[in-house]
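Just so you know, ligand 1 is whichever comes first in the structure, and atom 1 is the first atom listed for that ligand.
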Amino acid sequence: MTNVQYKFPEGFWWGSAASGPQTEGAANEGGRKPSIWDHWFQIDPDRFHNGVGPEHTSNFYYQYQEDIQLMTETGHNSFRTSIQWSRLIPDGVGEVNQEAVEFYSSVIDEMIAKGIEPFINLFHFDMPLSMQEKGGWENREVVDAYVFFAKTCFELFGDRVKYWFTFNEPIVPVEGGYLYDFHYPNIVDFKKAVQVAYHTVVAHAKAVEEYHALDLGGKIGIILNLTPSYPRSQNPADVKAAYIADLFFNRSFLDPVTKGEYPADLVAILRERDLLPEIVQEDIETIKNNIIDLLGVNYYQPRRVKAKEYMVHPDAPFMPEHLFDNYVMPNRKMNHHRGWEICERAIYDMAINLRDNYNNIPFFISENGMGVEGEEKFRNDEGFIEDSYRIEFIQGHLKWLHKAMGEGANCLGYHLWTFMDNWSWANSYKNRYGLVEVDIHNDFKRTVKKSGKWYKELAENNGF
Ligand code: BGP
């Protein structure tokens, strides 16, 4: 009998998360049309690691049956992926692609047949190009197109899918596409970033409204990347800097989706600088009246913050970092492959924050994981990758999560990023995150890693 020190509650979700664009491949097949990722790769392939683009990703489109079988062999009782808008409604609006309906329907049926609860997300950074050509989230019309897409999904699959998510990390396309130049359309313009963020929240709330109106008996939420903000010191200037960073990077989405309103201090900061978005009054009501049932939290790294040290050049375009500096703490524990700090206890602080300041909303860890470059070097004589570091990483986070749950945090599950190695946006296949290795040079061959075998034990024992 295995000795289980950290036991999780009955029915806890064990599984992993992925997304359509990062796994399906078949980008130009089955009636799909380009998203911004296909387009960006076409016009600027050098911005992708080793010039590997999104055309084939991990071939899930053709291998999903084998993959779902492997999910059962790696302990999954639940799995999240996303429906690609550009596959289901290739022009963004209008005709629904029947091949896509069949594909997603088969994936969902196969999961259910294998005892894996499907969690379905609707937008994972993948704006259809036709919609971006209209201005993407800058344009209110795209909000309506998204709501139509969302409703179509609920109507098509809502009889079987009981856990829906409107967006994955909606702040990332804002940061990447409109502030820091790591996603298409590579605009640097804070005012537009605010409009995009606001319209995303409107789109989210309208989708929640549609879902609840259909009364399909499931739950709907959103997946946010929450990055606890730690001040460098208890000096009031550092503490205030961390508070402001939290307003921008966490509460800008967390508050409207859980409380129906934006933090007053954030609104004041934007108003003072004439950076508030254009608003249609009825949208404010929609946000207010359509809060989520369930929150997904992606947690990778904390944010460390200090008071601003230098004045900003008066002509510099406004950035959140005009109000605080990021702080590089000496001797941080790091995942150097990804350049992200590893701080397990932040998962506890995040959970306690939700307990105390967000009405103890039900949530689950919807992503957490470790991307490592050059994993082939850990292959053992039996031919599989011995990723003991990934097992330690998961255990380290689960210990803190377990502690938070012992203190009343309302956590329902843990999903690792990710099931199998997949295409990580501009990082392409540089860092591997999977429980299952994918050999992109050898017919996308799948091989379960040590972590995948361990994950099965974890789920079977409901702890470790
Ligand atoms: C999250 C995204 C995922 C995934 C993961 C790993 O932010 O939701 O899509 O990519 O991060 O990060 P990266 O791909 O940047 O290494």
Side-chain angles (χ1 to χ4, degrees), residues 15-25 35-37 40-41 47-50 52-54 57-58 60 79-85 119-127 165-177 179-184 200 204 221-228 249-250 253-254 295-303 334-342 346-347 350 364-375 387 389-390 393-394 397 414-436 438 440 451:
S16 65
S19 77
Q22 292 175 275
T23 57
E24 285 172 18
S35 77
I36 53 172
W37 291 95
W40 191 26
F41 181 70
R47 296 198 66 180
F48 293 77
H49 183 76
N50 285 346
V52 178
T57 62
S58 293
F60 182 75
F79 173 69
R80 165 173 55 114
T81 187
S82 70
I83 292 176
Q84 294 195 69
W85 186 355
F119 286 32
I120 298 293
N121 173 41
L122 298 174
F123 191 93
H124 199 123
F125 310 167
D126 55 335
M127 181 66 82
F165 301 91
T166 55
F167 285 86
N168 174 79
E169 302 190 351
I171 202 167
V172 170
V174 179
E175 295 177 319
L179 287 178
Y180 307 124
D181 190 27
F182 61 89
H183 280 194
Y184 191 78
T200 311
H204 155 83
I222 191 167
I223 290 156
L224 300 181
N225 49 319
L226 297 183
T227 47
F249 294 105
N250 295 317
F253 282 90
L254 181 57
L295 178 68
V297 177
N298 293 356
Y299 169 70
Y300 288 92
Q301 56 170 344
R303 180 185 291 275
M334 286 292 292
N335 170 4
H336 289 287
H337 303 280
R338 187 59 182 82
W340 285 347
E341 181 181 344
I342 299 175
I347 213 166
M350 177 278 299
F364 71 112
I365 298 298
S366 42
E367 284 183 28
N368 175 230
M370 189 181 188
V372 171
E373 188 170 7
E375 276 198 320
D387 52 345
Y389 43 85
R390 181 164 288 112
F393 178 98
I394 299 169
H397 287 82
Y414 178 88
H415 279 183
L416 184 77
W417 185 268
T418 181
F419 164 62
M420 62 176 164
D421 295 338
N422 66 25
W423 185 80
S424 267
W425 316 110
N427 271 331
S428 192
Y429 276 91
K430 174 179 175 288
N431 302 316
R432 306 302 179 91
Y433 285 87
L435 295 169
V436 176
V438 173
I440 53 169
S451 59

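Residue contacts with ligand 1 do not include Lys430, since none of its heavy atoms lies under 4.0 Å from the ligand.
Looking only at heavy atoms of the protein, atom 5 (C) of ligand 1 is closest to Tyr300 OH, 3.4 Å. Distance from atom 2 (C) of ligand 1 to its nearest protein heavy atom, with residue and atom name: Glu367 OE1, 3.5 Å. When only non-hydrogen protein atoms are considered, atom 12 (O) of ligand 1 lies nearest to Tyr433 OH, 3.3 Å.
Annotation: Tyr414 is not in aromatic contact with His397 [ring centroid separation under 6.0 Å not met].
In the vicinity of Arg338, heavy-atom distances shorter than 4.0 Å reach the ligand 1 atoms 13 (P), 15 (O), 16 (O). If you number the atoms of ligand 1 from 1 as listed, the ones under 4.0 Å from a heavy atom of Asn168 come out as 8 (O). Set against the non-hydrogen atoms of Trp340, the atoms of ligand 1 under 4.0 Å away are 12 (O). Using a 4.0 Å cut-off to heavy atoms of His124, the atoms of ligand 1 that qualify are 2 (C), 3 (C), 8 (O), 9 (O). In the vicinity of Ser424, heavy-atom distances shorter than 4.0 Å reach the ligand 1 atoms 10 (O), 13 (P), 14 (O), 16 (O).
The shortest N or O to N or O distance between Glu169 and ligand 1 is below 3.5 Å.
Aromatic ring pairs are classed by plane angle as parallel below 30°, tilted from 30° to 60° and perpendicular above 60°; the pair Trp85 and Phe123 is perpendicular. Using the six-membered ring where Trp is involved, Phe41 and Phe48 have ring planes that are perpendicular, over 60° apart on the 30 and 60° scheme.
In the model, His49 has no side-chain atom that pairs as donor or acceptor with a side-chain atom of Ser428 under 3.5 Å.
Identified under the salt bridge (Lys or Arg N to Asp or Glu O under 4.0 Å) test for residues 165-175, with sequence neighbours left out: none.
When the ring-ring contact (aromatic ring centres under 6.0 Å, His included) test is applied to Phe125, the partners found at least two apart in sequence or on another chain are His183, Trp425.
The shortest heavy-atom contact between Met370 and Tyr433 is C-CD2, 3.4 Å.
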